[in-house]
Participant: 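This is the structure I have questions about; it appears just below.
Lettering of chains follows the sequences in order, A, B, ..., and the numbering in each one begins at 1.
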Protein chains: 2
Amino acid sequence: MVQFVHPSIEDITLTGVLSALADPMRLRIVVSMTEKNDCMSCSEAAPCSSMAKSTLSHHFRILREAGIIRTVKVGVENRNFLRGEDINNRFPGLLNEILKYAN
Amino acid sequence: MVQFVHPSIEDITLTGVLSALADPMRLRIVVSMTEKNDCMSCSEAAPCSSMAKSTLSHHFRILREAGIIRTVKVGVENRNFLRGEDINNRFPGLLNEILKYAN
DNA sequence: TCAATAGTTCAATTATATTGAACTATTGAA
DNA sequence: TTCAATAGTTCAATATAATTGAACTATTGA
């Protein structure tokens with residue numbers, strides 16, 4: 001059984017958030033999540049990219065460990081939720097400002 | 001004679017800016033520049049860090065190629081200026097929002 | 001002319017990203 | 001309850017980026 005590690009709000013760092021969002025694929029994932037009720041599985045992201053699933057899994061882990069998403073295993077799939085409120089508590093306005101210019 | 005390459009405003013990308021600012025040392029450099037009239041030389045940054053000067057030179061290059069600073073050779077030293085207005089034209093409000101939470 | 005200063009460039013090492021293959025876990029159907 | 005299908009992780013290998021010391025260029029000022 002895989003257990004996911006999520007940082008607490010106070011452990012979310014600015015450079016951690018920026019690093020996580022500094023990758024085009026990860027930024028697209030976050031944008032997609034805001035467009036579809038803040039939830040996205042790894043296999044939903046796959047068709048939009050030409051990446052190996054191990055690479056996608058890696059990207060979701062980076063986002064998770066930066067505190068940007070929360071991953072919950074539901075049945076056979078992982079549901080990833082944007083931690084919008086947490087990030088907004090930690091860095092008010094930052095995420096929206098970045099997403100404003102993503103695409 | 002070393003010639004510096006600076007991207008034009010329209011060539012500044014969001015992920016480029018985020019990558020550049022996602023490094024703690026580079027973020028500190030940018031913060032320092034805003035605190036001291038938007039100008040900083042490589043040797044001014046050196047005492048604040050335990051980094052090799054070749055590494056610092058590399059960091060200034062990353063910032064330059066991301067469009068965040070403009071480097072001008074004056075005598076024996078390089079003066080680096082924050083391209084605050086350019087970045088603000090490209091992504092209004094973004095840089096200030098990030099700097100708000102840098103330290 | 002020459003030492004000092006500022007910084008770049010190079011080659012080598014270290015760290016991180018990407019991938020295919022093998023693996024675990026869950027579901028749903030025979 | 002078995003077994004194939006699905007979803008995703010983990011591993012080992014390779015490719016790409018970061019870090020550094022050493023050698024270099026360019027400028028100044030004595």
Side-chain angles (χ1 to χ4, degrees), chain A residues 1-6 13 15-30 32-33 36 39-66 68-82, chain B residues 1-7 13 15-30 32-33 36 39-82:
Chain A
M1 177 61 184
V2 183
Q3 269 307 111
F4 298 116
V5 179
H6 299 92
T13 66
T15 51
V17 170
L18 295 180
S19 302
L21 299 179
D23 178 274
M25 185 63 213
R26 292 196 293 264
L27 199 53
R28 273 171 58 195
I29 290 172
V30 171
S32 294
M33 288 172 80
K36 40 198 306 313
C39 179
M40 190 178 216
S41 69
C42 195
S43 56
E44 279 179 290
C48 322
S49 82
S50 53
M51 286 177 165
K53 62 179 180 169
S54 50
T55 308
L56 277 173
S57 179
H58 163 76
H59 283 314
F60 277 99
R61 184 152 67 96
I62 299 283
L63 287 170
R64 185 165 56 239
E65 292 177 354
I68 292 173
I69 62 173
R70 187 175 299 280
T71 307
V72 179
K73 181 153 195 171
V74 177
V76 77
E77 77 173 11
N78 291 353
R79 297 214 179 132
N80 296 286
F81 298 90
L82 189 67
Chain B
M1 176 61 183
V2 183
Q3 268 307 109
F4 298 116
V5 180
H6 299 92
T13 65
T15 50
V17 169
L18 296 180
S19 302
L21 298 179
D23 177 275
M25 184 63 213
R26 292 197 292 263
L27 198 55
R28 273 171 57 194
I29 290 172
V30 172
S32 294
M33 288 172 80
K36 39 198 306 309
C39 178
M40 188 178 217
S41 70
C42 195
S43 58
E44 279 179 290
C48 323
S49 82
S50 52
M51 287 176 164
K53 61 178 181 169
S54 50
T55 308
L56 277 173
S57 179
H58 163 77
H59 283 314
F60 276 99
R61 185 152 67 96
I62 299 282
L63 288 170
R64 184 166 55 239
E65 291 177 354
I68 292 174
I69 63 173
R70 187 175 300 279
T71 307
V72 180
K73 181 152 195 171
V74 178
V76 76
E77 76 173 13
N78 291 354
R79 296 212 181 133
N80 296 287
F81 298 90
L82 190 67

Participant: Which residue lies toward the 5' end of DNA chain D, A:Glu77 or B:Ser50, if each is placed at its nearest nucleotide?
Facilitator: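 Result of the comparison: A:Glu77.
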Participant: What stems, by residue range, does DNA chain D take part in, given at least 3 consecutive Watson-Crick or G-U pairs under 3.5 Å?
Facilitator: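 Only these stems qualify: C:1-30 with D:1-30.
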Participant: To check you understand the geometry: which heavy-atom pair defines the closest contact between B:Arg64 and B:Phe4, and what is its length?
Facilitator: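 Nearest heavy atoms, B:Arg64 then B:Phe4: CZ-CD2, 3.4 Å.
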Participant: Give the rounded distance in Å between these two atoms: NE2 of B:His58 and C1' of C:dT13.
Facilitator: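 Computing the B:His58:NE2 to C:dT13:C1' distance gives 14 Å.
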Participant: Find out whether A:Val72 and A:Asn78 are in side-chain contact, i.e. whether some heavy atom of one side chain is under 4.5 Å from a heavy atom of the other.
Facilitator: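 In short, these two side chains do not touch, never coming nearer than 4.5 Å.
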Participant: Is the backbone of B:Lys53 close enough, under 3.5 Å, to the side chain of B:Ser57 for a donor and an acceptor to pair up by distance?
Facilitator: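 Looks like no, no N/O pair under 3.5 Å.
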Participant: Calculate the interatomic distance between B:Glu65 atom CD and D:dA18 atom C1'; express it in whole Å.
Facilitator: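 Spelled out: CD on B:Glu65 to C1' on D:dA18 is 14 Å.
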Participant: If you compare all heavy atoms of B:Ile68 against all heavy atoms of B:Val30, which two are closest, and at what distance to 0.1 Å?
Facilitator: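 Smallest heavy-atom distance, with atoms named: CG2-CG2, 4.0 Å.
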Participant: If I take atom CZ in residue A:Phe60 and atom C1' in nucleotide C:dT18, what distance separates them, rounded to the nearest angstrom?
Facilitator: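 Computing the A:Phe60:CZ to C:dT18:C1' distance gives 16 Å.
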Participant: Tell me the closest heavy-atom pair linking B:Ala66 and B:Pro7, and the distance in Å.
Facilitator: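 B:Ala66 and B:Pro7 have their closest heavy atoms at C-CG, 4.2 Å.
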Participant: State whether A:Ser54 places a side-chain N or O below 4.0 Å from either non-bridging phosphate oxygen (OP1 or OP2) of D:dT10.
Facilitator: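 For A:Ser54, the contact criterion (side-chain N or O under 4.0 Å from OP1 or OP2 of D:dT10) is not met.
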Participant: Side chain of A:Cys42: nearest nucleotide among C:dA25, D:dG8, C:dT19?
Facilitator: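 Taking heavy atoms from C-beta onward, the closest nucleotide is D:dG8.
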Participant: Quick one: which of D:dG8, C:dT8, D:dA26 gets closest to the side chain of A:Lys53?
Facilitator: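 The listed nucleotide nearest to A:Lys53's side chain is D:dG8.
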Participant: Using whole Å, report how far NZ of B:Lys73 lies from P of C:dA6.
Facilitator: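 Rounded to whole Å, this separation is 12 Å.
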Participant: Send over the distance from B:Asn78 CG to D:dT28 P, rounded to a whole Å.
Facilitator: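 These atoms are roughly 12 Å apart.
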Participant: Looking only at side-chain atoms of A:Phe4, point me to the closest of C:dT26, D:dT9, D:dA18.
Facilitator: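 Between C:dT26, D:dT9, D:dA18, the one nearest the side chain of A:Phe4 would be D:dT9.
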Participant: C:dT5 C1' sits how many Å from B:Leu56 CG, rounded?
Facilitator: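 These atoms are roughly 16 Å apart.
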Participant: B:Arg79 has an atom CZ; how far is it from atom C1' of D:dT28, in whole Å?
Facilitator: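 Rounded to the whole Å, the gap is 13 Å.
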Participant: Please state how far atom CG in B:Asp23 lies from atom P in D:dA17, giving the value in whole angstrom units.
Facilitator: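 Result: 15 Å.
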Participant: Kindly give the heavy-atom pair with the smallest separation between B:Ser19 and B:Arg26, and that separation in Å.
Facilitator: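 The answer is O-NH2, 3.1 Å.
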Participant: Kindly say whether, by distance alone, the side chain of B:Ser57 makes a donor-acceptor pair under 3.5 Å with the base of C:dG7?
Facilitator: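 Answer is no: no donor-acceptor pair is held.
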Participant: Quick check on D:dA18: is either OP1 or OP2 less than 4.0 Å from any side-chain nitrogen or oxygen of B:His59?
Facilitator: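 No, because none of the side-chain N or O atoms of B:His59 sits under 4.0 Å from OP1 or OP2 of D:dA18.
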Participant: Using every non-hydrogen atom in the two residues, find where A:Ile69 and A:His6 come nearest and quote the distance to one decimal.
Facilitator: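 Result for this residue pair: O-CD2, 3.6 Å.
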Participant: Report which part of the nucleic acid A:Thr55 touches: base, sugar-phosphate, or nothing (heavy-atom distance under 4.0 Å, all strands).
Facilitator: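 The residue A:Thr55 makes base contact.
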Participant: Reading DNA chain C from 5' onward, which residue's closest nucleotide shows up sooner: A:Val76 or A:Ala52?
Facilitator: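 That would be A:Ala52.
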Participant: Would you kindly compare A:Val74 and A:Ile62 by the position of their nearest DNA chain C nucleotide and give the one closer to the 5′ end?
Facilitator: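 Looking at the nearest nucleotide for each, A:Ile62 comes out on the 5' side.
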Participant: Which pair of non-hydrogen atoms, one from B:Met51 and one from B:Leu56, has the smallest distance, and what is that distance?
Facilitator: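 Smallest heavy-atom distance, with atoms named: CB-CG, 4.3 Å.
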